[in-house]
Amino acid sequence: MDQDTFWSNFANKERKTYLCYEVELLDGNSWVLLEEGRGFLHNQLRRHAELCFLDRVPSWQLDPAKRYRVTWLLSWSPCTDCARDLVTFLQHNSHVSLRIFTARIYTYLKGYEEGLRSLQGAGAHLAIMTSTEFEHCWGTFVHNQGTPFEPWNGLDENSQEESMKLQRILQNEDN
DNA sequence: ATTTTCAAT
């Protein structure tokens, strides 16, 4: 993606969701990136980014006898409806594990808390992006032209704040 | 108005 896309979607809030993904195969005790296993996408009209990703899954022709790991860097966390579809996907694809790093929590649609909890219940790992993941995103998915990642003001504070919100949600406390 | 919330209602 270009640098502007990164800044407006990951560092700032945009009315769009970007999803960067890496699909890896477990080989012995190390994870190996699949060919074409790395990329990014964004939501389409009335189709959230998560479902756009699921549309792409068949293209990898994953072998059910092997183990895979999918890692996402998401600009907004999944809504309830997406979470439900992802849970179904995970239940039907036990050879795939999912790790979601999100820049922030999408609170706009009701029931998002339950959705996030159900994802965790289905075995997905959920975490807020820290400077480590933002840097990885910048270094891997952005046409950075050799420019090193520059953390913006408040990155760590925001990340920690969102992280605390996420922990409260996952622990089923009120917020 | 506590902020640019995957167009939802």
Side-chain angles (χ1 to χ4, degrees), chain A residues 1-23 37-60 70-90 93 96 98-122 124-131 133-138 140-143 149-175:
Chain A
M1 67 180 70
D2 58 46
Q3 298 186 202
D4 286 347
T5 303
F6 174 83
W7 289 113
S8 49
N9 286 280
F10 284 96
N12 295 294
K13 300 174 180 179
E14 179 77 36
R15 298 174 72 105
K16 263 184 232 176
T17 296
Y18 268 77
L19 185 161
C20 303
Y21 60 82
E22 290 173 316
V23 185
R38 181 180 272 159
F40 69 92
L41 51 82
H42 58 80
N43 65 289
Q44 301 297 313
L45 186 64
R46 293 208 152 76
R47 189 150 187 83
H48 281 189
E50 297 86 333
L51 303 185
C52 297
F53 176 87
L54 291 182
D55 293 340
R56 256 177 219 202
V57 171
S59 73
W60 290 296
V70 172
T71 306
W72 286 354
L73 302 175
L74 258 184
S75 61
W76 287 105
S77 64
C79 71
T80 333
D81 288 348
C82 288
R84 185 187 3 84
D85 290 349
L86 290 169
V87 166
T88 302
F89 171 81
L90 291 171
N93 294 272
V96 179
L98 177 62
R99 303 191 301 167
I100 300 175
F101 294 93
T102 184
R104 59 189 78 83
I105 301 170
Y106 183 69
T107 63
Y108 188 69
L109 298 176
K110 293 304 156 210
Y112 66 93
E113 300 100 324
E114 188 52 44
L116 294 173
R117 284 192 288 268
S118 71
L119 270 172
Q120 187 184 51
H125 284 269
L126 286 166
I128 301 297
M129 289 175 73
T130 65
S131 58
E133 286 78 32
F134 286 115
E135 182 166 19
H136 177 63
C137 186
W138 175 265
T140 306
F141 297 96
V142 180
H143 299 302
F149 175 67
E150 287 285 350
W152 52 91
N153 288 339
L155 187 164
D156 291 334
E157 290 80 356
N158 285 328
S159 173
Q160 282 165 24
E161 230 170 87
E162 289 295 294
S163 195
M164 285 171 60
K165 273 161 49 179
L166 179 61
Q167 291 320 311
R168 277 198 298 272
I169 290 166
L170 295 180
Q171 289 161 22
N172 199 5
E173 292 173 21
D174 295 330
N175 57 336

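What you see is a predicted model; the values in this text were computed from it and never measured. Quick note on labels: first sequence line is chain A, next is B, and so on, each numbered from 1.
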Under 4.0 angstrom, heavy atoms only, what part of the nucleic acid is [X] near: base, sugar-phosphate, or nothing?
X      : result
A/R104 : nothing
A/Q44  : sugar-phosphate
A/S77  : base
A/C82  : nothing

Name each donor-acceptor pair under 3.5 Å that joins a side chain in residues 49-56 of chain A to protein atoms two or more places apart or in another chain, with its distance.
residue : atom : partner : partner atom : Å
A/D55   : OD1  : A/R47   : NH2          : 2.9
A/D55   : OD2  : A/R47   : NE           : 3.0
A/R56   : NH1  : A/Y21   : OH           : 2.7

(request) Could you tell me whether the side chain of A/T5 reaches within less than 4.5 Å of the side chain of A/V142, counting heavy atoms only? (result)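 Side chain of A/V142 against side chain of A/T5, heavy atoms only: no contact under 4.5 Å found.
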(message) Using side-chain heavy atoms (C-beta onward) and a distance below 4.5 Å, is A/T102 in contact with A/L166?
(response)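 No; the side chains remain at least 4.5 Å from each other.
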(message) By nearest heavy atom, map A/R46 and A/W76 onto DNA chain B; which one lands nearer the 5' end?
(response)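 Nearer the 5' end of the strand: A/W76.
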(request) Verify the distance criterion only: is there a donor paired with an acceptor across the side chains of A/Q160 and A/S163 at less than 3.5 Å? (result)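 No, no side-chain donor-acceptor pair sits under 3.5 Å.
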(request) Would you please name every residue forming a side-chain hydrogen bond (donor to acceptor under 3.5 Å, both in side chains) with A/E14, sequence neighbours left out? (result)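 Per chain and number, A/E14 pairs via side-chain hydrogen bond (donor to acceptor under 3.5 Å, both in side chains) with no residue.
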(request) Give the first and the last nucleotide of DNA chain B, reading 5' to 3', that has any atom under 4.0 Å from a heavy atom of chain A. (result)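 It runs B/dT3 to B/dT9.
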(request) For a side chain to side chain contact (heavy atoms under 4.5 Å, CB included) with A/Y18, tell me which candidate from A/F141, A/F10, A/F6 qualifies. (result)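 Exactly one pass, corresponding to A/F10.
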